[in-house]
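The block underneath contains the structure these notes are about, expressed in structure tokens.
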Number of protein chains: 2
Amino acid sequence: MLDQRLMADGLAIDFSHSSEPIARQVARGLRHAIVSLQIRPGEMLSEQEIASKLGISRQPVREAFIKLGEAGLVRIMPQRGTLVVKISRAAVEDARFIREAVECAVAREAARRADAKKVAVLTDSLARQRRALRAKDGGALFALDEEFHRLLAEVAGRPSAWNVIEDVKPQMDRVRYLDMADAIPMSIVIAQHAEIVEAIAAKDPGRAAAAMQAHLTEILRSLPKLADRYPELFEEVTAETSPL
Amino acid sequence: MLDQRLMADGLAIDFSHSSEPIARQVARGLRHAIVSLQIRPGEMLSEQEIASKLGISRQPVREAFIKLGEAGLVRIMPQRGTLVVKISRAAVEDARFIREAVECAVAREAARRADAKKVAVLTDSLARQRRALRAKDGGALFALDEEFHRLLAEVAGRPSAWNVIEDVKPQMDRVRYLDMADAIPMSIVIAQHAEIVEAIAAKDPGRAAAAMQAHLTEILRSLPKLADRYPELFEEVTAETSPL
DNA sequence: AAGCTCAAGTTACCATACTAGTGTCCCGCG
DNA sequence: CGCGGGACACTAGTATGGTAACTTGAGCTT
């Protein structure tokens with residue numbers, strides 16, 4: 001189906017080498033376009049429009065929208081339309097809360113189960129991260145960071161934990177993307193990764209969890225600055241009264 | 001659309017009072033039917049069959065299947081069919097791992113933020129649980145247990161944490177259902193809930209987390225027994241070699 | 001001038017039809 | 001009797017058409 005590469009509004013999806021369902025590919029492509037801010041927060045999306053621009057039917061696009069809606073990246077309003085939600089500080093902090101809870105537990109578990117081979121897998125990932133840093137390849141670093149955290153879950157024997165992280169992570173990823181655009185030194189991130197690996201190699205669960213917590217706290221530092229610098233990308237903070 | 005109550009294979013979905021999308025209702029109905037074991041693990045499902053039995057089209061059923069697939073309750077095999085996955089001890093333990101990580105963090109946070117009003121909400125829930133216990137109303141207890149954990153997330157100011165729990169919980173719910181069928185004393189569960197509330201009221205985060213951990217460890221006791229008693233509901237344990 | 005009504009346009013939701021991939025069963029061949 | 005091949009009966013994936021709900025703005029009433 002459509003052996004070509006299509007372009008639309010900074011949305012490029014390659015259908016050529018695909019035995020994978022189109023719906024999934026569209027979801028991935030849209031997620032990437034949203035996370036990398038090629039589609040601006042607040043923008044309206046239309047099943048019809050995306051479908052015709054990609055040369056496919058509305059059905060797969062619809063399923064992709066549903067997936068993105070569950071990830072909290074778009075808000076799909078029945079009979080009205082679908083819009084890319086703005087970055088919400090509350091949502092980012094909620095996602096961070098989940099990540100901290102899960103990934104600290106993962107780090108602890110990884111430290112308990114560590115052996116030479118598993119540690120080697122992690123140190124190898126670290127080496128690749130350092131190479132990407134020297135090459136100043138931001139995109140590769142982004143992907144390698146993701147892989148590192150996935151590997152941790154595998155090492156801990158809880159690969160399914162990574163699935164949960166993937167569900168909540170997109171909220172944070174847009175902020176991380178802004179971080180990189182502002183050229184925040186990624187060397188710090190890699191140093192934190194190294195500390196985590198070291199703690200795991202030392203079979204010290206407490207230290208591993210602490211290192212992970214420190215790592216995941218990093219985003220809280222940049223969040224206010226970024227919300228200040230790019231106010232149009234963020235939800236205006238409403239002085240809401242908590243239901244409880 | 002279809003102002004009637006339909007029945008099919010122990011699957012009852014009421015479409016009458018609904019402004020809610022049909023797809024969502026079907027997903028809920030199917031999830032409940034699977035979790036309550038009205039649909040047996042290992043059974044094959046057919047979009048077509050379910051759709052015609054409910055008097056709707058395949059489309060909403062398909063979307064419901066996708067949701068259940070993401071929850072890990074069904075395995076949807078392209079061009080082949082969709083089957084209700086058997087209970088997997090590994091999957092249950094993975095889900096438990098996630099829940100423990102997230103809910104212990106929630107309990108800690110709730111203890112930090114506790115005030116009189118929030119504690120009152122929780123003690124009120126406890127009272128209702130005790131009433132249901134005296135009335136020996138298993139279904140109500142099941143629902144109240146769910147509500148209690150959701151309230152905890154709200155009290156902690158992390159309502160989105162409950163969404164994550166909802167995603168992984170169905171795996172455990174089938175086991176919990178078997179637990180109830182075996183008439184495991186629910187008084188223990190309620191006592192554990194009470195201990196959690198007490199720790200939160202005392203503003204003791206460490207104790208709250210510990211109480212939650214103890215509560216969520218309970219299922220590990222019954223899991224082997226149930227896997228032994230109902231082998232046909234469980235995946236046979238393959239002596240697989242871990243990839244790492 | 002302000003507020004209400006209503007018609008037009010757009011949307012997601014659902015139904016229906018079609019496509020393509022996968023097992024199965026039966027028949028014919030070795 | 002065993003075994004390979006092909007037609008068939010499924011399946012999920014995709015395309016397309018119809019429908020009800022919602023926004024919007026113009027025109028009317030007060």
Side-chain angles (χ1 to χ4, degrees), chain A residues 1-4 6 8-9 13-30 39 42-85, chain B residues 1-4 6 8-9 13-30 39 42-85:
Chain A
M1 176 71 51
L2 280 180
D3 284 339
Q4 48 185 326
L6 292 154
D9 273 349
I13 297 178
D14 189 356
F15 291 108
S16 55
H17 58 75
S18 59
S19 64
E20 197 187 13
I22 295 183
R24 210 176 300 271
Q25 302 178 53
V26 174
R28 223 201 348 267
L30 280 175
I39 305 180
E43 192 169 327
M44 278 291 249
L45 296 182
S46 159
E47 290 183 359
Q48 182 67 275
E49 184 186 337
I50 304 249
S52 45
K53 283 193 178 172
L54 290 176
I56 58 177
S57 82
R58 295 185 342 252
Q59 200 54 46
V61 178
R62 167 175 167 73
E63 288 173 14
F65 277 21
I66 292 177
K67 277 187 101 74
L68 296 177
E70 284 167 0
L73 289 179
V74 304
R75 180 189 185 89
I76 158 176
M77 307 151 89
Q79 272 64 337
R80 295 214 285 136
T82 299
L83 105 159
V84 179
V85 302
Chain B
M1 175 73 50
L2 283 180
D3 283 339
Q4 47 184 328
L6 292 154
D9 273 348
I13 297 177
D14 189 356
F15 290 108
S16 54
H17 57 75
S18 59
S19 65
E20 197 188 13
I22 296 185
R24 212 177 298 271
Q25 302 178 53
V26 173
R28 223 199 350 265
L30 280 175
I39 305 180
E43 191 171 326
M44 279 292 249
L45 295 182
S46 160
E47 290 182 0
Q48 184 65 269
E49 184 185 336
I50 305 247
S52 47
K53 282 192 179 174
L54 290 177
I56 58 178
S57 83
R58 272 182 47 212
Q59 199 56 44
V61 178
R62 166 176 168 73
E63 287 171 15
F65 277 22
I66 292 177
K67 276 186 102 72
L68 296 175
E70 283 167 0
L73 289 179
V74 306
R75 180 189 185 87
I76 157 178
M77 307 151 90
Q79 330 309 350
R80 295 217 287 139
T82 298
L83 109 156
V84 179
V85 302

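In this text the structure is predicted, and so the values were computed from the model without any measurement. We name chains A, B, ... by the order of the sequence lines, and we start the count at 1 in each one.
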*Determine the minimum heavy-atom distance between A/Ser57 and A/Ala51, stating which atoms define it.*
O-CB, 3.5 Å

*Any salt bridge between B/Glu63 and B/Arg24, counting N to O under 4.0 Å?*
no

*Between B/Lys67 and B/Ala27, which heavy-atom pair has the shortest distance, and what is it?*
CD-CB, 4.1 Å

_Separation of D/dA15 P from B/Arg58 CZ (nearest whole Å)_ = 14 Å

*For B/Pro78 and for A/Gln79, find the nucleotide of DNA chain D with the closest heavy atom, then tell me which residue's nucleotide is more 5'.*
B/Pro78

_C/dC13 OP1/OP2 closer than 4.0 Å to side-chain N/O of A/Arg62_ = yes

*What is the distance from CE of A/Met77 to P of C/dT10, rounded to the nearest Å?*
18 Å

*Side chain to side chain, A/Leu83 and A/Val74, heavy atoms closer than 4.5 Å*: no

_Gap between atoms CD and P, on A/Glu47 and C/dC13 respectively (whole Å)_ = 7 Å

*Can you find a side chain N or O atom of A/Thr82 that sits less than 4.0 Å from OP1 or OP2 on C/dT11?*
no

*Among C/dC14, C/dA12, D/dT14, find the nucleotide with the atom closest to the side chain of A/Phe65.*
C/dA12

*Which whole-number value in Å describes the distance from A/Glu63 CD to D/dA15 C1'?*
12 Å

*Rounding to a whole Å, what distance do you find between B/Met44:CE and C/dG23:P?*
10 Å

*To the nearest Å, how far apart are B/Glu20 CD and C/dA12 C1'?*
15 Å

*OP1, OP2 of D/dT11 versus side-chain N and O of B/Ser46: anything below 4.0 Å?*
yes

*Return the value, rounded to whole Å, for the distance between atom CD of B/Gln59 and atom C1' of D/dA12.*
11 Å

*So what does B/Ile66 touch, heavy atoms closer than 4.0 Å: a base, only the sugar-phosphate, or nothing?*
nothing

*Quick one: A/Arg80 CZ to C/dT11 P, roughly how many Å, whole number?*
13 Å

*Least distance between heavy atoms, A/Ala64 atom then A/Ala23 atom*: CB-O, 3.9 Å

